[in-house]
Amino acid sequence: MTDPVRVRFAPSPTGYLHVGSGHSALANWLVARRTGGSFLLRIEDTDVERNRPELVDNVLEMLEWLGLTWDEEPVYQSRRGELYADAAAKLVAGGAVYFCDCTGEAVQTRNKAAGGKPGYDGFCRDRGLEPGPGRAARFRTPREGRTGWTDLVRGEVSFANADLEDFVVLRGNGNPMFLLANAFDDADMGITHVIRGEDHVNSTPKYLLLVDALGLARPTAFAHMPLLVNEQRKKLSKRRDDVSMADYRARGYLPEAMVNYLALLGWGPADGVEVRPVAEIVEQYRLEDVNASPAFFDQKKLSFVNAEHIRALATDEFLARSRPFLTRGEPAAHALASLAVEVQERVRTLAEVEPMIEFLVDDDPAVDEASWTKAITKGKAVPEMLDATIARLEALDLDAWTPESIQEAVAAAAVDAGIVNAEGAPQLSKAQGPVRVAISGRSVGPPLWESIAVLGRDRTLSRLRATRLRVG
RNA sequence: GCCCCCAUCGUCCAGCGGCCUAGGACGCCUCCCUUUCAAGGAGGUAACACGGGUUCGAAUCCCGUUGGGGGUGCCA
């Protein structure tokens with residue numbers, strides 16, 4: 001029997017949670033849930049200069065929103081300084097590190113003189129400097145041999161030690177660097193599987209060397225997930241791309257749709273069923289099946305997946321999820337309830353819900369210009385159709401105000417207006433255009449008969465009359 | 001520059017030596033259904049980067065080339 005899996009998501013609070021880190025977090029969570037292991041959180045806030053503590057809240061909130069719940073209290077590296085100091089002391093005692101007082105500038109100058117190659121040149125490696133203020137501790141990387149590991153996603157990966165520079169482990173101010181804290185904590189927290197983005201591949205050999213030097217156990221497995229890229233095939237970036245998880249939430253994407261879509265990037269279920277409940281993804285997900293090549297974050301497909309998940313919602317649930325997106329409040333909620341099923345199957349995001357029913361809420365709904373041109377200006381027999389519709393609907397009593405009789409009335413109006421085919425039957429698809437624009441201001445929307453039924457007799461007739469007047 | 005990784009339709013995924021005249025999904029296009037729009041149905045478009053091997057046989061294995069990406073901080 002193998003030990004239970006322990007994985008972690010280790011964000012650094014220097015930005016909001018974005019879809020790329022969400023992708024990595026999800027992979028960790030899926031593995032933990034599938035194996036019955038633990039999903040842990042570690043906040044990597046060792047860089048005092050760049051940390052924005054309030055961003056931790058955003059990250060936690062977004063993970064919760066996604067449903068990526070964690071199992072133990074999050075670990076904050078900023079509160080574990082002593083542990084890193086002890087670890088560093090051990091490295092010093094063992095001769096694994098040396099002290100260095102080179103400034104970045106000095107290193108650069110020397111590199112330039114030596115032909116412009118980047119990286120630390122080992123200047124202080126044999127100077128025997130004592131520890132002191134402003135002096136950083138650098139890891140003495142081996143000059144020979146290779147360091148590698150078996151990656152669950154990429155197979156065998158290894159680096160020549162000679163290509164590894166003497167990296168800083170402890171800053172001049174005594175604070176630990178990412179690698180020290182990261183490698184130490186993974187061991188300390190008993191992490192068995194290190195699952196993270198491909199951008200960490202290059203630092204993994206240093207991580208391994210450090211773990212060895214510390215006398216700690218290496219994780220049993222690594223998995224470096226494919227990067228998420230934009231249309232230019234570049235790593236998704238906060239500055240250029242649409243990556244904020246909070247933004248997607250605000251734009252009406254469902255967390256289960258986001259999780260579903262993210263899982264599909266770099267991986268696919270064996271049975272080919274792409275859109276499905278998260279629980280089923282948990283069952284099927286295997287790191288061994290994850291692709292190593294970068295994946296394009298396709299918002300069009302995300303929208304499709306989102307629409308599918310919206311349609312899969314129970315009506316009440318759809319109503320409840322839509323509520324935060326209704327800026328018109330309770331009246332909009334009431335209006336939506338009356339056309340819930342019709343709207344639910346027509347939207348791709350929850351942000352699209354309100355525009356579909358706002359004609360039921362607003363006294364004087366805005367008229368969309370393109371719709372007006374299409375259905376009114378360019379429509380045939382528009383005045384006739386409006387007149388006939390008004391007459392036919394006026395003849396309908398309040399208790400006959402149902403979708404069925406409204407349809408019959410509009411059909412009869414079409415015949416009255418001469419909008420018929422060769423057999424004399426009403427052409428509803430042409431005839432309904434002006435009516436729809438008159439009552440809703442748009443040429444697209446929920447089914448007309450139902451819309452008119454919900455709008456009510458008075459409002460329907462007054463909007464038809466107003467439009468008739470405007471047509472002249 | 002150096003190091004590492006990647007390479008199947010526009011995009012995502014399947015394929016793990018013969019079942020591939022390469023399959024599914026999104027997108028796009030056509031048609032059907034139809035009160036608009038969706039949804040649904042039926043079609044269509046479109047890919048194994050290139051060159052060498054290995055093998056009876058390669059999209060699948062190996063090498064190289066090319067292309068793309070990532071890393072190269074006293075950031076994480």
Using purine N1 to pyrimidine N3 plus N6-O4 or O6-N4 for Watson-Crick, or N1-O2 and O6-N3 for G-U wobble, each under 3.5 Å, what pairs with [N]?
| N | value |
| --- | --- |
| B:rA58 | none |
| B:rC20 | none |
| B:rA42 | B:rU30 |
| B:rU65 | B:rA49 |

Could you pull out all donor-acceptor pairs under 3.5 Å where a side-chain atom in residues 285-292 of chain A meets a protein atom, sequence neighbours excluded?
unit_1	atom_1	unit_2	atom_2	d
A:Arg286	NH1	A:Glu283	O	3.1
A:Arg286	NH1	A:Gln284	O	3.4

Min side-chain heavy-atom separation A:Lys112-A:Thr109 under 4.5 Å: no

Options [options], nucleotide nearest the side-chain atoms of [X]:
| X | options | answer |
| --- | --- | --- |
| A:Arg138 | B:rC74, B:rA76, B:rG71 | B:rC74 |
| A:Arg233 | B:rC3, B:rG69, B:rA76 | B:rG69 |
| A:Lys235 | B:rG70, B:rC13, B:rA76 | B:rG70 |
| A:Arg154 | B:rC2, B:rC5, B:rC13 | B:rC5 |

What residues form a salt bridge (charged side-chain N to carboxylate O under 4.0 Å, His left out) with [X], not counting sequence neighbours?
| X | result |
| --- | --- |
| A:Glu354 | A:Arg328 |
| A:Glu165 | none |
| A:Glu317 | A:Arg321 |

What nucleic acid atoms does [X] come within less than 4.0 Å of, heavy atoms only: base, sugar-phosphate, or nothing?
| X | result |
| --- | --- |
| A:Ser158 | sugar-phosphate |
| A:Arg146 | sugar-phosphate |
| A:Lys234 | sugar-phosphate |
| A:Gly134 | base |
| A:Glu342 | nothing |
| A:Ala136 | base |
| A:Thr103 | nothing |
| A:Glu44 | sugar-phosphate |
| A:Asn230 | nothing |

Provide the distance between the two [atom1] atoms, one in [N] and one in [M], to the nearest whole Å.
| N | M | atom1 | answer |
| --- | --- | --- | --- |
| B:rG23 | B:rU55 | P | 30 Å |
| B:rC62 | B:rU45 | C1' | 35 Å |
| B:rA42 | B:rG53 | C1' | 46 Å |
| B:rC63 | B:rA7 | P | 14 Å |
| B:rG41 | B:rA46 | C1' | 22 Å |
| B:rU60 | B:rC26 | P | 28 Å |
| B:rU35 | B:rC20 | P | 43 Å |
| B:rU66 | B:rC50 | C1' | 7 Å |

Rounded to whole angstroms, how far apart are [atom1] on [X] and [atom2] on [N]?
| X | N | atom1 | atom2 | answer |
| --- | --- | --- | --- | --- |
| A:Asp199 | B:rG73 | CG | C1' | 15 Å |
| A:Leu179 | B:rC74 | CG | P | 11 Å |
| A:Leu164 | B:rC2 | CG | P | 17 Å |
| A:Asp241 | B:rG69 | CG | P | 13 Å |
| A:Asn175 | B:rC74 | CG | P | 14 Å |
| A:Phe167 | B:rC3 | CZ | C1' | 15 Å |
| A:Phe222 | B:rC5 | CZ | C1' | 16 Å |
| A:Phe296 | B:rG69 | CZ | P | 15 Å |

Per-pair stack call A:His224 and B:rG70, 5.5 Å, 30°: no

Residues forming a ring pair (Phe, Tyr, Trp, His ring centres under 6.0 Å) with A:Tyr84, sequence neighbours excluded: A:Phe184

Pi-cation contact, A:Phe123 with A:Arg110 (under 6.0 Å, within 45°): yes

First encountered from the 5' end of RNA chain B, between A:Leu265 and A:Gly172: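 Between the two, 5'-proximity favours A:Leu265.
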
Sequence neighbours excluded - ring pair (Phe, Tyr, Trp, His ring centres under 6.0 Å) pairs with any residue from residues 157-176 of chain A: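 For residues 157-176 of chain A: A:Phe139-A:Phe167.
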
Do the side chain of [X] and the main chain of [Y] share a donor and acceptor less than 3.5 angstrom apart?
| X | Y | answer |
| --- | --- | --- |
| A:Ser338 | A:Ala335 | yes |
| A:Asn182 | A:Tyr207 | no |
| A:Arg42 | A:Ala10 | no |

Distance-only criterion, 3.5 Å: show the donor-acceptor pairs between side-chain atoms of residues 128-138 of chain A and protein atoms not counting sequence neighbours.
unit_1	atom_1	unit_2	atom_2	d
A:Arg135	NH1	A:Glu130	O	2.8
A:Arg138	NH1	A:Asp166	O	2.8

Footprint string (nucleotides 21-40 of chain B, 5' to 3'): B base within contact, S backbone only, - free, heavy atoms under 4.0 Å: ---BBSS-------BBBBS-

Phosphate contact (B:rA14 OP1 or OP2) by A:Asn291 side-chain N/O below 4.0 Å: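 Checking B:rA14 against A:Asn291, a side-chain N or O does come within under 4.0 Å of OP1 or OP2.
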
Polar-atom pairs under 3.5 Å, protein N or O versus N or O of nucleotides 60-66 of chain B: list them with distances, or write none.
none

Close aromatic pair by centroid cut-off 6.0 Å: A:Tyr248 and A:Phe297: yes

